[in-house]
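We use all heavy atoms of the structure for the numbers below, so side chains are in, but hydrogens, waters and symmetry mates are not. For ligands, and for the atoms within them, numbers begin at 1 and follow the listed sequence. The structure displayed is predicted, hence computed values, not measured ones. Just so you know, residue 1 is the first one in the sequence shown, and it goes up from there.
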Amino acid sequence: MSLVQPQPDTDARALEVLSRVWGYSQFRDVQADIVRTVVGGGNALVLMPTGGGKSLCYQVPSLLRPGTGIVVSPLIALMKDQVDALRQFGVRAAFLNSSLPLQSVREVEAALLAGTLDLLYVAPERLLLPRTLELLRSAPVALFAIDEAHCVSQWGHDFRPEYGQLGVLPQRFPDIPRVALTATADDRTRADILRVLELGGAAQFISSFDRPNIQYRVANKEGPKTQLLDFVHAEHRGDAGIVYCLSRKSVEQTAQWLATQGVDAVPYHAGLSPRERNHAQERFLNDEGVVVVATVAFGMGIDKPNVRFVAHLDLPKSMEGYYQETGRAGRDGLPSTAWMVYGLADVVNVKRMLSQSDAPEDVKRVEAAKLDALLTYCEAATCRRQLLLAYFGEQRDEPCGNCDICLNPPKVRDATREAQMALSAAIRTGNCFGAAHLTDVLLGQPTEKVVGMGHHLLPTFGVGKGHDEKMWRGLIRQLVSLGHLAAGEHYGLSATGKSRPLLKGETTLMLREDSLVPREKVRKRDRDASRSSRAPVDAQDAPLFEALRAWRLQLARQKSVPPYAIFSDATLKAICELRPGSASTLGTVSGVGQRKLADYGEAVLDIVREHSGSGGREAARPALPAERGARANSAVLGMLRGQEQERTPSQPVRGPAPSLFSAPAQAGETAPAPAHTEVADALRELRRELTRETGHSAFVIFPNATLEALADACPRTLADLEGLSGMGPKRIENYGERIVDVVLTALDE
Ligand code: ADP
Ligand code: ZN
């Protein structure tokens with residue numbers, strides 16, 4: 001899909017910088033095209049989801065073009081962290097904002113003029129000062145990157161007036177490339193960005209909004225605090241996470257409750273003093289495993305990559321909000337969870353708030369439509385990711401395999417009759433009673449209120465005895481979510497026009513049977529299905545992973561930088577899997593660039609050695625000449641490393657152990673089956689795709705030996721994959737379906 005002509009020279013230089021400085025072996029998705037465009041002097045608009053990898057799109061070009069890359073960012077509180085992280089890579093970065101003492105400002109300005117900065121982060125208000133604009137006129141500027149570019153738009157939720165004035169950039173510096181980046185894809189916002197920054201003729205890069213490593217889950221609210229605690233304990237003990245609540249009060253209560261239950265939780269909301277908020281943010285960024293309980297005020301620009309879960313205890317405002325908030329999980333590409341509980345009261349509440357708001361009618365209509373989309377998502381009986389992506393205009397043909405619906409499909413059944421009963425209960429009681437009362441009427445409970453209102457005399461009284469209270473509450477919630485019942489004053493529910501065909505029996509209603517399944521069963525299944533994908537590393541790598549994390553935390557404290565600025569979790573994980581025994585092998589790990597190798601290589605190798613007995617997994621075989629050639633031969637190394645992986649205990653090998661340099665034969669066969677070249681080619685293509693999607697190196701997806709074993713065996717079902725060399729449970733879970741798919745397609749079955 002690349003519309004940008006290949007530029008062999010630029011591409012090679014970009015890859016060289018990517019690998020030398022960041023230690024990454026390839027660009028993700030559209031990154032390469034963006035870099036090519038900007039290095040070539042073109043303007044660009046970049047729409048990418050949170051965690052998609054926007055930063056490299058301007059950082060790499062800033063290193064490749066003469067002069068300093070100027071990054072406009074609204075996030076003053078985070079600039080220091082961003083700059084610190086870049087310096088860890090050996091990038092010459094600095095920032096200018098109101099928090100900086102005058103002396104430091106002068107130093108940064110001098111460096112800018114001298115051309116000794118690669119990147120300079122500036123707050124928009126600072127950029128707009130005549131002094132700064134004048135300075136930029138005299139300094140060599142490589143490009144302007146406008147981060148969080150949606151802040152130019154009044155439509156968005158983050159409008160910043162100074163962003164509206166960034167039109168000075170095209171006016172004063174028409175020849176310097178501008179890259180606008182955002183994770184907000186809304187059409188109107190996009191149009192505003194193009195207008196304000198004069199990007200009419202710019203190339204637009206819109207990447208997939210899918211975040212395959214995030215597992216989306218939504219459950220009924222039934223004691224939210226306990227549900228949350230169960231979830232954290234069962235799946236995310238010791239992990240960093242964000243919990244979103246609607247009100248300040250529930251933020252504080254939830255944080256306190258979690259803390260008393262042994263979770264390292266801190267509150268964050270706009271009512272706290274700046275000092276308290278800073279403290280919460282600092283702890284979140286600089287310590288491991290802190291859970292921030294927050295209102296939506298928290299999170300913009302937080303680019304902590306190892307947030308392992310985002311939990312919603314209340315309904316978000318819209319799909320956009322939900323996607324942005326959940327997107328803060330798993331920027332590092334490792335498995336993460338987006339978890340939400342919601343109940344009838346939430347639905348009624350938000351609907352009521354909306355109908356009673358003073359906003360103009362057209363705004364209300366837009367908001368109502370957005371809320372409906374969100375509720376449809378919550379009540380979904382089909383793959384959640386498909387719905388999410390469809391909302392953002394992206395068609396996905398297959399269910400994802402990594403959401404609660406895919407992992408644990410709910411039964412759907414015809415609930416037309418029950419829906420009619422509930423609707424008629426609402427109508428016959430005068431369209432003004434809440435769910436509790438309607439449920440009493442349906443169940444035939446002669447409560448004081450029911451008898452007092454004479455509702456025990458209605459024909460609907462007791463018609464719903466065949467089901468329990470829980471089923472009725474669930475059904476009513478779904479009717480409200482789907483717009484058959486509307487929430488009015490005092491939580492009263494009334495049948496809407498939409499319900500008429502249903503009442504007349506002209507349409508049927510298929511509903512999830514969730515509320516009929518005992519809760520414990522659902523929860524347990526949920527947990528089992530997801531547990532295996534939650535652990536960041538395999539069990540046998542856990543001690544090494546923890547040791548590396550402890551070392552990282554200590555070092556981060558010494559240097560006053562966030563731990564992830566030393567190495568990301570993804571890099572530590574890759575080190576655990578590879579267990580390098582030499583600096584040159586360590587240097588091939590994704591995320592280990594030259595500078596970090598020089599600074600931390602020895603320490604890491606020592607720790608790996610301590611945890612691997614005889615000195616790293618790779619020491620188990622003789623040193624290879626290829627390794628002396630170090631990085632130039634990383635392809636060869638990757639292949640060999642892939643075969644090393646075969647020998648890790650977590651991946652059971654049936655039949656004779658594979659020899660180091662030849663593909664293992666399939667279980668039970670004396671001679672290998674003829675290799676299916678089409679299948680092998682298709683698998684290779686799949687691996688490339690997965691590499692792009694996940695950012696993992698090819699050998700981490702699956703090594704060559706496994707690829708050959710797969711091509712030999714041509715597995716047609718998930719069960720066929722079991723026991724194949726290199727196909728441990730985790731690979732099967734992560735990639736099994738895709739592999740089988742590819743095999744079947746290649747064999748034309
Ligand atoms: P965004 O700004 O779009 O939210 P970031 O730029 O913070 O995303 O990138 C998210 C994470 O992905 C970071 O940890 C980054 O280092 C990593 N990343 C980005 N591009 C690549 C790549 N080509 N290969 C490996 N990791 C990458
Ligand atoms: Zn799914």
(request) Answer yes or no for Gly52: is there a heavy-atom contact with ligand 1 below 4.0 Å? (result) yes
(message) Tell me every residue that passes salt bridge (charged side-chain N to carboxylate O under 4.0 Å, His left out) with Arg211, counting only those two or more places apart in sequence or in another chain.
(response) none
(message) I want to confirm something. Looking only at heavy atoms, which of Tyr24, Phe89, Tyr564, Tyr58 is nearest to atom 15 (C) of ligand 1?
(response) Tyr24
(message) Is it the case that ligand 1 has an N or O less than 3.5 angstrom from some N or O of Gly51?
(response) yes
(message) For the residue pair Gln31 / Tyr24, report whether a side-chain donor-acceptor contact shorter than 3.5 Å exists.
(response) no
(request) Give me the protein N, O or S atoms that fall under 2.8 Å of the Zn ion (ligand 2), sorted by chain and residue number. (result) Cys383 SG, Cys400 SG, Cys403 SG, Cys406 SG
(request) Check the side chains of Arg28 and Gln26 for a donor-acceptor pair under 3.5 angstrom, ignoring hydrogens and angles. (result) no
(request) For Arg331, counting its heavy atoms only, list the atoms of ligand 1 lying under 4.0 Å from any of them. (result) 1 (P), 2 (O), 4 (O), 7 (O), 8 (O), 10 (C), 11 (C), 12 (O)
(request) Could you point out which residue of Arg552, Lys304, Arg283 forms a salt bridge (charged side-chain N to carboxylate O under 4.0 Å, His left out) with Glu288? (result) Arg552
(message) Which residues pass the salt bridge (charged side-chain N to carboxylate O under 4.0 Å, His left out) test with Asp192, not counting sequence neighbours?
(response) Arg195
(message) Looking only at side-chain N and O atoms, does Arg328 offer a donor or acceptor that is under 3.5 Å from a partner on Tyr244?
(response) yes
(request) Look only at interatomic distance and state if Leu18 has a nitrogen or oxygen under 3.5 Å from any nitrogen or oxygen of ligand 1. (result) no
(request) Answer with yes or no whether the side chains of Glu379 and Ser481 bring together a donor and an acceptor at under 3.5 Å. (result) yes
(message) For a 4.5 angstrom cut-off between non-hydrogen side-chain atoms, does Asp599 reach Ile566?
(response) no
(message) Please tell me whether Thr10 and Arg36 have a donor and an acceptor in their side chains that are separated by less than 3.5 angstrom.
(response) no
Which atom pairs, one a donor and one an acceptor, fall under 3.5 Å between side chains of residues 386-394 and the rest of the protein, sequence neighbours left out?
from: Gln386; atom 1: NE2; to: Arg396; atom 2: O; distance (Å): 3.1
from: Gln386; atom 1: NE2; to: Asp397; atom 2: O; distance (Å): 3.1
from: Gln386; atom 1: NE2; to: Glu398; atom 2: O; distance (Å): 3.2
from: Tyr391; atom 1: OH; to: Glu320; atom 2: OE1; distance (Å): 3.3
from: Tyr391; atom 1: OH; to: Glu320; atom 2: OE2; distance (Å): 3.1
from: Glu394; atom 1: OE1; to: Phe209; atom 2: N; distance (Å): 2.7
from: Glu394; atom 1: OE2; to: Ser208; atom 2: OG; distance (Å): 2.6

(request) Record the part of Phe27 in heavy-atom contact with ligand 1 below 4.0 Å; permitted values are side chain, backbone, both and neither. (result) backbone
(message) Only heavy atoms of Leu56, strictly under 4.0 Å: list the atoms of ligand 1 that pass.
(response) 19 (C), 20 (N), 21 (C)
(message) Within the 4.0 Å heavy-atom shell around Thr50, which atoms of ligand 1 are there?
(response) 4 (O)
(request) Check each heavy atom of Gln31 against ligand 1 and say whether those closer than 4.0 Å belong to the side chain, the backbone, both or neither. (result) side chain
(request) Please identify which atoms of ligand 1 are closer than 4.0 Å to at least one heavy atom of Pro49. (result) 3 (O)
(message) Can you name the atoms of ligand 1, numbered from 1 with element, that are less than 4.0 Å from a heavy atom of Gln26?
(response) 22 (C), 23 (N), 24 (N)
(message) Parallel, tilted or perpendicular, judged at 30° and 60°: which one describes the rings of Tyr216 and Tyr322?
(response) tilted
